[in-house]
Colleague: 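The structure is given below, and queries will be raised subsequently.
What you see is a predicted model; the values in this text were computed from it and never measured. Position 1 is the first residue of the sequence; numbering continues from there.
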Amino acid sequence: TIYKLILFCQTNYGQKAEEYTYERDQIIGAHMKSVQKKVINMFPFAIPSSSFSSQTYLKGESDIDFTILCAPEMMEYYASLLMEKGFEYKETKCADYPEYYHVYGKEIDSIDVEIKIRESEPASHIMLVHSYMDNHFSMELKPFITYLKFLLKGTTSYPQLKYLIYDNAL
């Protein structure tokens, strides 16, 4: 389970994990919080939904994701609001599935911001995962989750780690 991996990381990399997240926060944490607040002020209905909001983001990967949940007939309306504020359409993901969503992006103060417009009903499980990551794992555990991600990033095991984290949320 994910908790066994967290315990492994605590035991073997405890100090390194805490130093890594401390350094990460010193380098870019406050700047990213500022950008996150700007986006929330622009779009109060946008829900933070990224590793930044869950405090498990990696150094050097400075992007922030948000989700807008809406009825299907409101997707174009929200897209036009985003474009009015300079966001550009990037792509539609999972186009052949009920969970499809549209991705819009913009750089704000040197930080990449992505906003995903999703239909409320099919996206409910995705939002459960984000809520779980943001609220369930304690701040004491998050440095170890982050460091596990750091250790496994770029390996074939990284998607499996993310699956374990997400599967634990559901």
Side-chain angles (χ1 to χ4, degrees), residues 1-33 35-37 39-40 45-70 90-105 111-170:
T1 68
I2 189 63
Y3 289 104
K4 288 182 182 176
L5 285 172
I6 292 169
L7 180 60
F8 171 82
C9 188
Q10 276 180 306
T11 304
N12 295 287
Y13 299 100
Q15 185 68 29
K16 285 182 180 181
E18 291 182 17
E19 288 170 2
Y20 177 89
T21 54
Y22 177 80
E23 186 178 303
R24 171 207 66 193
D25 292 343
Q26 296 305 305
I27 293 169
I28 195 146
H31 181 61
M32 288 183 70
K33 282 181 188 176
V35 171
Q36 185 177 39
K37 285 180 185 178
V39 174
I40 290 170
F45 43 82
I47 304 163
S49 51
S50 67
S51 59
F52 177 73
S53 61
S54 69
Q55 295 297 302
T56 61
Y57 66 105
L58 300 177
K59 277 192 292 191
E61 294 193 19
S62 52
D63 73 333
I64 305 175
D65 299 325
F66 294 85
T67 299
I68 296 173
L69 297 174
C70 63
K90 291 173 79 176
E91 64 183 319
T92 297
K93 291 198 174 184
C94 304
D96 297 330
Y97 297 94
E99 297 88 7
Y100 79 95
Y101 56 96
H102 304 293
V103 181
Y104 292 80
I111 302 291
D112 289 324
V113 176
E114 278 192 354
I115 300 182
K116 298 164 178 118
I117 303 175
R118 299 176 181 264
E119 286 187 38
S120 299
E121 184 65 31
S124 61
H125 70 287
I126 300 295
M127 298 316 293
L128 268 175
V129 169
H130 286 294
S131 176
Y132 182 85
M133 287 294 300
D134 291 355
N135 304 307
H136 179 74
F137 287 120
S138 70
M139 289 307 289
E140 290 78 30
L141 294 181
K142 289 181 181 188
F144 306 111
I145 295 168
T146 304
Y147 203 69
L148 284 167
K149 287 173 59 178
F150 166 73
L151 290 172
L152 296 176
K153 182 75 177 185
T155 71
T156 56
S157 298
Y158 186 71
Q160 294 168 324
L161 172 65
K162 289 180 79 172
Y163 174 80
L164 278 175
I165 294 168
Y166 299 157
D167 189 53
N168 196 62
L170 299 172

Colleague: Roughly how far, to the nearest 0.5 Å, is the CD1 atom of I64 from the CD1 atom of I111?
Modeller: 6.0 Å
Colleague: Atom CZ in F144, atom CG in L5: separation rounded to 0.5 Å?
Modeller: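 Going from CZ on F144 over to CG on L5, the span is 13.5 Å.
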Colleague: Would you please classify the geometry between the H102 ring and the Y104 ring as parallel, tilted or perpendicular, with 30° and 60° separating the classes?
Modeller: perpendicular
Colleague: If you measure from CD1 on I27 to OH on Y22, what distance do you get to the nearest 0.5 Å?
Modeller: 11.0 Å
Colleague: How about I115 and V39: do any of their side-chain heavy atoms sit closer than 4.5 Å?
Modeller: yes
Colleague: Write down the atom of Q36, the atom of P48, and the distance for their closest heavy-atom approach.
Modeller: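 Here Q36 and P48 meet closest at NE2-CB, 3.3 Å.
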Colleague: With rounding to the nearest 0.5 Å, note down the distance linking NZ in K116 to CD1 in I47.
Modeller: 12.5 Å
Colleague: State the OH-CG distance between Y158 and L148, to the nearest 0.5 angstrom.
Modeller: 11.0 Å
Colleague: Is there a side chain to side chain contact (heavy atoms under 4.5 Å, CB included) between I2 and F137 once you walk through the steps?
Modeller: CA-CA 11 Å; I2 189 63; F137 287 120; 4.3 Å; yes
Colleague: Kindly indicate whether the side chain of I6, heavy atoms from C-beta on, has any atom under 4.5 Å from the side chain of Y3.
Modeller: yes
Colleague: For the side chain of T67 and the backbone of S49, is there at least one donor-acceptor N/O pair under 3.5 Å apart?
Modeller: no
Colleague: Counting only heavy atoms not in K16, do more than 12 fall under 6.0 Å of its NZ?
Modeller: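 No, not enclosed.
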Colleague: Please name the pair of heavy atoms, one in S51 and one in K149, separated by the smallest distance, quoted to 0.1 Å.
Modeller: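 The answer is CB-NZ, 3.4 Å.
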Colleague: Under a plain distance cut-off of 3.5 Å, with no hydrogens placed, do Y100 and E119 share a side-chain donor-acceptor pair?
Modeller: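 The criterion, which ignores hydrogens and geometry beyond distance, is satisfied for Y100 and E119.
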Colleague: Nearest 0.5 angstrom please: Q26 CD to R24 CZ, how far?
Modeller: 10.5 Å
Colleague: Got a sec: does the CD of E121 have more than 12 other heavy atoms crowding it under 6.0 Å?
Modeller: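 No - once you tally the heavy atoms of other residues, nucleotides and ligands closer than 6.0 Å, there are 12 at most.
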Colleague: Side chains of L58 and Y20, heavy atoms from C-beta outward: is any pair under 4.5 Å?
Modeller: yes
Colleague: Out of D25, T146, I145, which residue meets the side chain to side chain contact (heavy atoms under 4.5 Å, CB included) rule with Q55?
Modeller: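 Filter result, single survivor: D25.
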Colleague: Please report the shortest heavy-atom distance between F52 and D63, naming the atom on each side.
Modeller: CB-O, 4.2 Å
Colleague: Going through the checks in order, is the side chain to side chain contact (heavy atoms under 4.5 Å, CB included) test met by T21 and K142?
Modeller: CA-CA 9 Å; T21 54; K142 289 181 181 188; over 6 Å; no
Colleague: Apply ring pair (Phe, Tyr, Trp, His ring centres under 6.0 Å) to the pair Y147 and F150, showing each step before the final yes or no.
Modeller: CA-CA 5 Å; Y147 203 69; F150 166 73; 5.3 Å; yes
Colleague: Does Y57 use its side chain to pair, donor to acceptor, with the backbone of S50 at less than 3.5 Å?
Modeller: no
